[in-house]
Amino acid sequence: MARTLTLPGMLDPHVHLRGLEWARKATFASETAAALAGGYWAVLDMPNTPPATIDAAALDTKLAALNAEAVCDWGVYFGASQDDNTAEYAALENGPVCGLKMYNNATTGTLLIADQAQRRRHYHAWPPAKPIAVHAEGQTVADILALVRETRRQTHFCHVSTAEEIALLHAAKADGLPVSVGVTPHHLFLPADDVRALGPLGLMKPELKTAADQAALWDGIADGTVDVVESDHAPHTLAEKQSEQPPFGVPGLETTLPLLLTAAHEGRLTLERVIELVALNPQRIFGLTPPPETDTVVDLDATYTITRATLFTLCGWSPFEGMQVRGRVRAVRIRGEAVFDGERVLVPPGNGINLWGPDVA
Ligand code: DOR
Ligand code: ZN
């Protein structure tokens, strides 16, 4: 008998699904299918894909496309903009978004806010009931923590990647600040001392760091500083990645869970901790309870090699290709409905719902 594990309502709070003006890279249909294949009940989509989700019109466009195409449940972030868009925020307190995303260091897209006074304006304007997710690296983590101390706004630090950042956030938690910490599978599992071997497929923001930084992320998982493993799924076409100016970002929705289960098999963390990192903690941070009969069954003993041939993501490649993993998604249910059977998506586009939308009681 194969050993199985059932996970309750896996939620990835950090994905870039594409679609719209970047449908050549991936679509809401393809990437939400990749989410189901990765075991996920729901994903939260970032605002940087053009047209950036920084005004009501762009938000409506994205909501309509996701409503039509998504096969898993979902939420979307509103984006903080350099051209002050804080006047939009009050309407979003009870509106259709999961939170605010603020980019404070350079990355894909045009949403960088480098000025601390501007950041402060966004922090004060955002309705306190919903989290602010931040891209902050190095000294910027301290700058954002100063705003959290001042405003007490609940803040999720995305893709934390260095020992220094982990130390700052560990101290902030000890001080009782309302912060949570996400780390990505690429920062945990790609060989930190061999970045160049991956070439452009190893390029993302934040970039891969040193083996010592990677060890600090694992320590953060062990001591509770890290709350979430989030994929930062960011598909770009292989041709774009192999071009003269490769864009930053890697896909990850289909590989996060098997990589974590493999680490659990190797004794690097417990299965209970895996469930916290990919389901219970993201649910808590975003105030979600999964619907009844919403879960993922994995075969803990199935081993396989990650290959591009079996991926659902439209970009069709993975920085983890060639890695041998243990643990395979066999079934995903949402609201009692079988949505993925280990090989096929079983529901039509549009089956997923906005978890901050009118369909939720
Ligand atoms: O590498 C990255 N790619 N980091 C980000 O923050 C954005 C993402 C993208 O959208 O491609
Ligand atoms: Zn991201």
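Whatever order the structure lists them in is the order used to number ligands and atoms, beginning at 1. Fair warning: this is a prediction, and the values are worked out from it, not measured in the lab.
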Worksheet item: Can you tell me the protein heavy atom closest to atom 4 (N) of ligand 1 and the distance?
Response: K205 O, 2.9 Å

Worksheet item: Do side-chain atoms of D227 reach the backbone of N281 as a donor and acceptor pair under 3.5 angstrom?
Response: no

Worksheet item: Looking at R18 and E31, does any basic side-chain N land under 4.0 Å from a carboxylate oxygen?
Response: no

Item to complete: Give the contacting part of R18 toward ligand 1: side chain, backbone, both or neither, where contact means a heavy-atom distance below 4.0 Å.
Response: side chain

Practice prompt. Check H16 against ligand 1 and report side chain, backbone, both or neither, counting heavy atoms closer than 4.0 Å.
Written response: side chain

Worksheet item: Would you call the rings of Y77 and F286 parallel, tilted or perpendicular, where under 30° means parallel and over 60° means perpendicular?
Response: perpendicular

Practice prompt. With the side chain counted from C-beta on, respond yes when H14 and H156 share a heavy-atom pair under 4.5 Å apart, and no when they do not.
Written response: no

Fill in: Any side-chain heavy-atom pair of L314 and P235 under 4.5 Å
no

Worksheet item: Can you tell me if an N/O/S atom from H16 lies under 2.8 Å from the Zn ion (ligand 2)?
Response: yes

Practice prompt. Could you confirm whether H14 has any N/O/S atom lying under 2.8 Å from the Zn ion (ligand 2)?
Written response: yes

Worksheet entry | Within 6.0 angstrom of Q324 CD, more than 12 heavy atoms from elsewhere | yes

Discussion item. Does atom CZ (R24) have a neighbourhood of more than 12 heavy atoms from anything else shown, all under 6.0 Å?
Written reply: yes

Discussion item. Are W41 and F340, when compared by the centres of their aromatic rings, separated by less than 6.0 Å?
Written reply: no

Worksheet entry | D232, N/O/S atom nearest the Zn ion (ligand 2) | OD1

Does ligand 1 come near enough to [X] that some N or O of the ligand is less than 3.5 Å from an N or O of the residue?
X: T107; answer: yes
X: F248; answer: yes
X: G249; answer: yes
X: N48; answer: yes
X: W22; answer: no

Discussion item. As an exercise, identify every atom of ligand 1 less than 4.0 angstrom from a heavy atom of M204.
Written reply: 1 (O)

Item to complete: Would you mind listing which atoms of ligand 1 come within a distance below 4.0 Å of any non-hydrogen atom of A234?
Response: 3 (N), 8 (C), 9 (C), 11 (O)

Discussion item. For W218, does the six-membered ring have the charged nitrogen or CZ of R268 within the cation-pi criterion, i.e. under 6.0 angstrom from the centroid and within 45° of the normal?
Written reply: yes

Worksheet item: Is there a heavy atom of H236 sitting under 4.0 angstrom from any atom of ligand 1?
Response: yes

